[in-house]
Amino acid sequence: MPHNEEQDAEALMSRRKMMGVVVGVINLGLIAVVGLPVAEFVTSPLQTKRKKVWVELMPDDQIAPGEVKEVNFSMKIVDGYHETERKYTVYVRRDEAGVMAIDPACTHLGCRVRYQTDKHRFVCPCHGGVFNDDGTNKSGPPPKPLERHPVKVENGKIWVEREV
Amino acid sequence: MSRKTYEPKEAPTLSPEVRVDQPREASKAERVEIDRPSFKDWMDLRLGWYGFVRKNLDEPMPPGVGWWQTLGNLLMTLLIFQFVTGFALAMFYTPSAEGAHASVKHITYEVGAGTFVRGLHVWGSTVIVIVTALHLLRVFFWGSYKKPRELTWIVGVIIFQIILGFSFTGYLLPWDQKAYWATVVGTRIAATIPVVGHMMLVLIRGGEEVGALTLTRFFSLHVMLLPASLLVVAGLHMFLVRKHHIAGPVVPQKGKPVPFYPDQLFKDAIVLVVGVGLLVYLAVGLPPSLEAIADPTGTDFSPRPEWYFLGLYELLKIMPTGFEVVATAIIPGLITIGMFALPWLDRSKSRHPGKRQWVIMMGMAVILLIGLLTLKGLLDTPPEHKKAPTNVEAMR
């Protein structure tokens, strides 16, 4: 068989290419071995399931129709590696229809809204959002009403349901 | 408008049998004036990337270089693995006496892929110590530390010390019984040094006793100082390796140097598969455990260090009373000084082991000493140790 230099060079080039591909595949494999578990690990908060819990807020007879009261309460929560008490605030309001629990987080960017008793409205200190006393947005940047939490009255107590 | 094309400058390829079509080399001024270069070309004109990659792929390997020269690459990869898993673990870890144990428990048993990620990190330290030892021994027996590579060797010894520092500081972080007691005993070693011993003990522990300040001290060293130092010295090590090139076999072999790519890189990749394969096997097969939370009370726990410190531990046991300092400072100190001074202790011109017998003998004696003591330590498991709960299941 006649010796063909060109063919030799071509064979060498394809061997070079072949090995390059194998090395590339191995490197991708190594990245996956450490990258995938680490990705699952650091994104695990996405998998955390929240559950709904009822908490007792206050005696039913301590709030009159038309009144809005700021109530602080705390709940046992699992915060990463430890169980702890986390404090929350909710506005309780009573009208003819019943009791409602309004979340104080402004629907614009989450600042805590303040209730102005004389004007019967919630005002956000950050960007001037204004909500009516039932939580519906009135003016300013907030795009939607304040969130309401489910409430119930049982054995003379007001209960609120919260996700933790 | 005509569009000039830019061709990267080719570094001279070492293997003449591989024909790379050499394009006409554009002058620098010409290249910078190119209209609308591709993104890759634009970057190359600023970074010189093609040249850098090509230079490293074409790095000359003396004939006879092969499997033994793949350990450095494996070590670098394993260290990168430690960095990635360590960064992830630090997201969930709490460096406090109150939170450390609970957070490691949470990581190990509750966070997605936590057992495996922690397993990679824990077993990574073991595999790294083994690979570092092999890498070091290869350089020792091949005499590769000789002129002009003395500095490469010294920087390598510093890397070795940093790796041991990582192991020692990391061992405490889970804050379980094993971690706590190993650190109580390990830090006591410093106290045996005459005159400054007590001062050093307090500095290492951050107080008289192992406690909350020891933990934060070790954490800070483990995630700040040691990684930053390692990054600098490992970079210097690799710069020196490339600058002086790889030392070939002790007896130069016939043949031309071959480029790093593809053959040596291919061998590197195969060794990576084996090394990382072993790591994954260990992480899956022997998932990391967590003992009961550190408890300074009680006398039923037998402290034992990590296996690669067992030699030192056994050496201490056989030392007669009053001579502890020989085991804790003098012998390890002499070995360390000997390692740093090796390029000057071994003055023979030849790299052949047969031509530098006393250095080889000394090295073998040290290896034998460490090996036998470690073996003794591994076989000599105190019976009380078995009574201690082996992992967190026992306390659930």
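Letters A, B, ... mirror the listed sequences (proteins, then strands); counts begin at 1.
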Do you know which two heavy atoms are closest between [X] and [Y], and how far apart they sit?
| X | Y | value |
| --- | --- | --- |
| A/Leu30 | B/Phe81 | O-CZ, 3.6 Å |
| B/Tyr261 | A/Arg16 | OH-O, 2.9 Å |
| B/Phe92 | A/Ser44 | CZ-OG, 3.5 Å |
| A/Val33 | B/Phe116 | O-CE2, 3.9 Å |
| B/Ala113 | A/Pro37 | CB-O, 3.6 Å |

Could you tell me the separation between the [atom1] atom of [X] and the [atom2] atom of [Y], rounded to the nearest 0.5 Å?
| X | Y | atom1 | atom2 | result |
| --- | --- | --- | --- | --- |
| B/His101 | A/Tyr81 | NE2 | OH | 13.0 Å |
| A/Asn27 | B/Thr77 | CG | OG1 | 8.0 Å |
| A/Met19 | B/Lys267 | CE | NZ | 7.5 Å |

For [X], is the [atom1] atom crowded, meaning more than 12 foreign heavy atoms sit under 6.0 Å from it?
| X | atom1 | result |
| --- | --- | --- |
| A/Lys152 | NZ | yes |
| B/Trp49 | CH2 | no |
| B/Phe83 | CZ | no |
| B/Arg242 | CZ | yes |

So which residue, [options], ends up with the most heavy-atom pairs under 4.5 Å with chain B?
| options | value |
| --- | --- |
| A/Leu36, A/Val22, A/Ile26 | A/Ile26 |
| A/Thr43, A/Val38, A/Val42 | A/Val38 |
| A/Glu10, A/Arg15, A/Gln47, A/Met18 | A/Arg15 |

Pick whichever of B/Asp263, B/Ile107, B/Ile80 has the most heavy-atom pairs under 4.5 Å with chain A.
B/Asp263
Structural part of B/Leu89 lying under 4.5 Å from a heavy atom of chain A
both
